[in-house]
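Labels below follow one simple rule: chain letters A, B, ... track the order of the sequence lines, proteins then strands, and each chain is numbered from 1.
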Amino acid sequence: MPEGINGDLSGIDFHLDVSGLFSEESYQRDLDQIFRKSWLAVGHDYDIPNAGDFRTRTIPGLNYNILVVRGKDDRVRAFHNICRHRGNMLVCKEKGSSRQGFSCGYHGWTYNIDGSVRGITDRDQFPPYGNEALGLKEIRCEVRHSFIFINFDAEAASLDDWLAELAPDNLYEGFFHSFEKTNLYSATIQCNWNIVMDAFSEAYHTLFVHKNTATDYLGGDDNKMRHVPAMDIMDLHARHSVAANPSHKWADTETLAYRHTNRAFPSFDSNSEGLPPGLDFGNLQNWAFDIVKFFPNLILLTGRDWFIEGYAWPSAADETIYEWNIYHRTPKTYGERVAQEFSYVIGREIACEDLFLLERQQQALQSEAVTDYFLSFQELVVAHHYRSRNRMFDKAEG
Amino acid sequence: MNASLPQKFRELEEFTAWALPTERERYDRRAGSTLEELNVFYSAMKPHMEEVIRYLEGFAWGTELSAEDQRLYHMGLSYMEAAVPIELKWKSAVAEDSFPVARLTLPQTR
């Protein structure tokens with residue numbers, strides 16, 4: 001086993017049986033026993049800073065449409081976006097702000113932003129239903145590290161318990177609130193969501209998949225195979241950090257860009273001084289970035305002055321809706337913003353290389369001609385994902 | 001003729017077709033170009049890019065730009081698109097073995 005690995009590895013298989021992984025039964029089981037029972041990250045609190053600010057979104061696969069809204073008490077709440085009268089979709093905008101609440105377009109029922117019902121049109125024509133029955137159906141919702149987490153399971157343990165080692169606020173104190181969000185990408189990929197998670201769990205593929213975009217950005221002469229110097233294996237979640245190549249050759253435009261803005265993909269500032277302890281958690285000499293996997297489906301890449309988040313939402317046994325955002329520090333000027341574009345464009349190109357490969361891999365695997373993986377120690381985080389899945393299945397069936 | 005770029009960048013007038021406001025448009029123009037066409041734009045812009053960035057550093061992020069300055073800004077963003085296939089020495093303007101950008105939902109505005 002390589003150095004730099006922390007955590008309990010019991011129950012992790014390197015020779016993985018993935019038979020049935022792409023079947024309809026397996027997909028339904030993933031939805032029922034994982035997505036219905038897990039804390040799912042659905043956005044950021046900084047997107048809804050003021051009372052009345054809201055977002056709506058569909059959760060693919062489960063096909064719930066949810067409403068997330070900041071209350072007058074500053075709490076973030078989540079609801080099923082459904083009027084309690086006869087089930088019409090309540091809020092039909094993706095985002096907005098409405099301190100006074102929401103009204104249903106069907107019969108004009110109104111709701112406060114804490115979810116309680118306020119006005120029922122022609123109320124005395126109704127049997128004496130109590131107001132408590134008529135409030136919006138609330139979903140468990142908690143915020144941590146700026147992420148808004150929801151859980152459809154009323155019986156689930158707290159977010160603190162779920163996050164475990166990743167729960168403490170100080171891990172990312174102040175980090176996520178200091179960025180300008182400028183880019184939201186999404187794609188419908190014809191592949192199962194599990195292999196999407198796998199693709200972002202190891203550095204091994206970068207030698208090949210990204211040879212045309214980021215040829216020498218990781219590893220280097222003393223680490224040619226791009227071994228991962230730090231991996232933390234937890235009950236459900238895992239994180240690892242990758243090593244930058246100290247001899248990375250800068251393209252002309254890369255040199256230009258990083259004269260005018262903080263270094264980001266595919267050059268890295270290895271100095272993590274001043275950053276909260278969640279970043280460069282392994283205190284690496286050639287720290288490039290961390291990859292933190294919040295089970296089930298959030299991949300978070302964190303570098304000194306940037307981060308990327310990716311969400312793999314299963315929408316069919318052979319389909320995933322993949323959403324990702326790229327963040328850089330808010331530019332001071334338009335000139336700096338031009339410089340940052342270098343990194344945005346390369347980041348998009350790199351992501352597209354991963355996504356292309358996934359559709360090909362799906363085509364190969366779904367035939368079930370081959371139903372096992374032979375993983376290396378460097379792919380421990382890939383193996384770990386399947387242990388986490390099994391732990392959720394055991395909990396659901398136990 | 002109405003000048004459409006700031007005075008000190010008039011030399012780049014013939015490339016204002018690259019002054020595209022969205023990522024989709026910039027990528028599509030790149031994808032629709034031959035490497036030679038990209039190289040014409042890239043080579044013309046490259047020696048000026050340090051100056052372009054420094055000039056645009058005079059405008060605080062979030063303030064409204066004049067039409068000329070905004071054109072220059074968008075051309076700077078396009079330069080970053082064009083540079084990718086050239087500097088990475090690709091055989092075409094579009095990556096091989098890459099998820100089609102046409103299938104991505106891209107940011108609406110920058």
Side-chain angles (χ1 to χ4, degrees), chain A residues 180-191 208-215 249-257 259-261 266 321-326 329-346 348-360, chain B residues 22-24 26-27 30 42-43 45-66 69-70 72-92 94-110:
Chain A
E180 169 108 349
K181 177 174 171 175
T182 63
N183 286 355
L184 166 64
Y185 295 87
S186 69
T188 302
I189 319 170
Q190 298 307 315
C191 75
F208 302 95
V209 178
H210 306 310
K211 64 184 186 310
N212 294 324
T213 45
T215 323
K249 284 190 176 43
W250 291 33
D252 289 348
T253 296
E254 192 173 351
T255 307
L256 166 75
R259 267 204 295 274
H260 296 278
T261 190
I321 299 192
Y322 188 65
E323 302 171 339
W324 72 103
N325 292 328
I326 303 175
R329 302 271 180 205
T330 306
K332 295 183 266 321
T333 63
Y334 281 88
E336 186 176 5
R337 185 59 190 80
V338 171
Q340 288 175 341
E341 185 73 358
F342 172 78
S343 177
Y344 282 120
V345 174
I346 282 283
R348 187 196 70 221
E349 294 285 349
I350 288 173
C352 287
E353 289 172 325
D354 289 310
L355 301 184
F356 176 84
L357 188 138
L358 284 169
E359 290 196 329
R360 253 201 319 220
Chain B
T22 68
E23 184 173 358
R24 173 76 62 199
R26 292 189 293 268
Y27 176 78
R30 168 185 141 195
Y42 167 84
S43 313
M45 291 287 285
K46 191 176 179 194
H48 298 275
M49 277 307 293
E50 179 68 28
E51 270 311 297
V52 168
I53 290 179
R54 286 200 199 182
Y55 174 83
L56 291 170
E57 281 173 338
F59 302 94
W61 181 246
T63 57
E64 204 170 307
L65 295 178
S66 70
D69 293 333
Q70 191 165 77
L72 184 72
Y73 167 60
H74 291 147
M75 284 167 69
L77 298 180
S78 282
Y79 169 82
M80 294 299 174
E81 281 284 357
V84 169
I86 309 274
E87 291 186 358
L88 293 173
K89 301 186 176 26
W90 290 359
K91 296 196 201 75
S92 86
V94 172
E96 286 173 28
D97 285 356
S98 190
F99 197 85
V101 176
R103 288 175 60 195
L104 299 182
T105 302
L106 294 177
Q108 294 307 300
T109 57
R110 288 292 189 80

Which bit of B:Tyr55 is near chain A, if near means a heavy-atom gap under 4.5 Å: side chain, backbone, both or neither? neither
Look up atom OG1 in A:Thr213 and atom CH2 in B:Trp90, then write down how far apart they are to the nearest 0.5 Å. 7.0 Å
In terms of heavy-atom pairs under 4.5 Å with chain A, the winner among B:Glu96, B:Lys46, B:Met80, B:Glu81 is B:Met80
Indicate the atoms forming the closest heavy-atom contact of B:Ala95 with A:Glu349, along with that distance. CB-OE1, 3.8 Å
For residues B:Tyr79 and A:Leu256, report the shortest heavy-atom separation together with the two atoms involved. CE2-CD2, 4.1 Å
Taking atom CG of B:Leu88 and atom NZ of A:Lys211, what is their separation to the nearest 0.5 Å? 12.5 Å
Dump the intermediate steps for side-chain contact (heavy atoms from CB on, under 4.5 Å) on B:Thr63 and A:Tyr334, then the final yes or no. CA-CA 9 Å; B:Thr63 57; A:Tyr334 281 88; 4.0 Å; yes
So A:Glu336 and B:Trp61, do their side chains get closer than 4.5 Å, heavy atoms only? no
Hey, does B:Glu50 have a side-chain heavy atom less than 4.5 Å from the side chain of A:His260? yes
A:Thr253 side, atom OG1; B:Met45 side, atom CE - distance, nearest 0.5 Å: 10.5 Å
Suppose we screen for side chain to side chain contact (heavy atoms under 4.5 Å, CB included). Which residues come up paired with A:Glu359, at least two apart in sequence or across chains? A:Ile189, A:Gln190, B:Phe99, B:Arg103
Would you say the side chain of B:Glu87 lies within less than 4.5 Å of the side chain of A:Glu254, judging by non-hydrogen atoms? no
With rounding to the nearest 0.5 Å, note down the distance linking OG1 in B:Thr105 to CG in A:Leu184. 8.0 Å
Answer key: most heavy-atom pairs under 4.5 Å with chain A among B:Gly76, B:Ala60, B:Gly58 is B:Ala60
Got A:Arg348 and B:Leu104 here, is their nearest side-chain heavy-atom distance under 4.5 Å? yes
Can you list everything that forms a side chain to side chain contact (heavy atoms under 4.5 Å, CB included) with A:Arg360? Sequence neighbours excluded, please. A:Phe356, B:Asp97
Checking A:Thr330 against chain B: side chain, backbone, both or neither under 4.5 Å from a heavy atom? side chain
If you apply the rule side-chain contact (heavy atoms from CB on, under 4.5 Å), what do you find for A:Ile346 with B:Val84, and how did you get there? CA-CA 7 Å; A:Ile346 282 283; B:Val84 169; 4.3 Å; yes
Under the criterion side-chain contact (heavy atoms from CB on, under 4.5 Å), I'd like the reasoning laid out for A:Asp252 against B:Ile86: C-alpha separation, chi angles, the key distance, then a yes or no. CA-CA 11 Å; A:Asp252 289 348; B:Ile86 309 274; over 6 Å; no
Would you say that A:Tyr185 contacts B:Val101 through its side chain, given a criterion of any heavy-atom pair below 4.5 Å between the two side chains? no
Check whether any side-chain heavy atom of B:Glu23 lies under 4.5 Å from a side-chain heavy atom of A:Tyr344, and answer yes or no. no
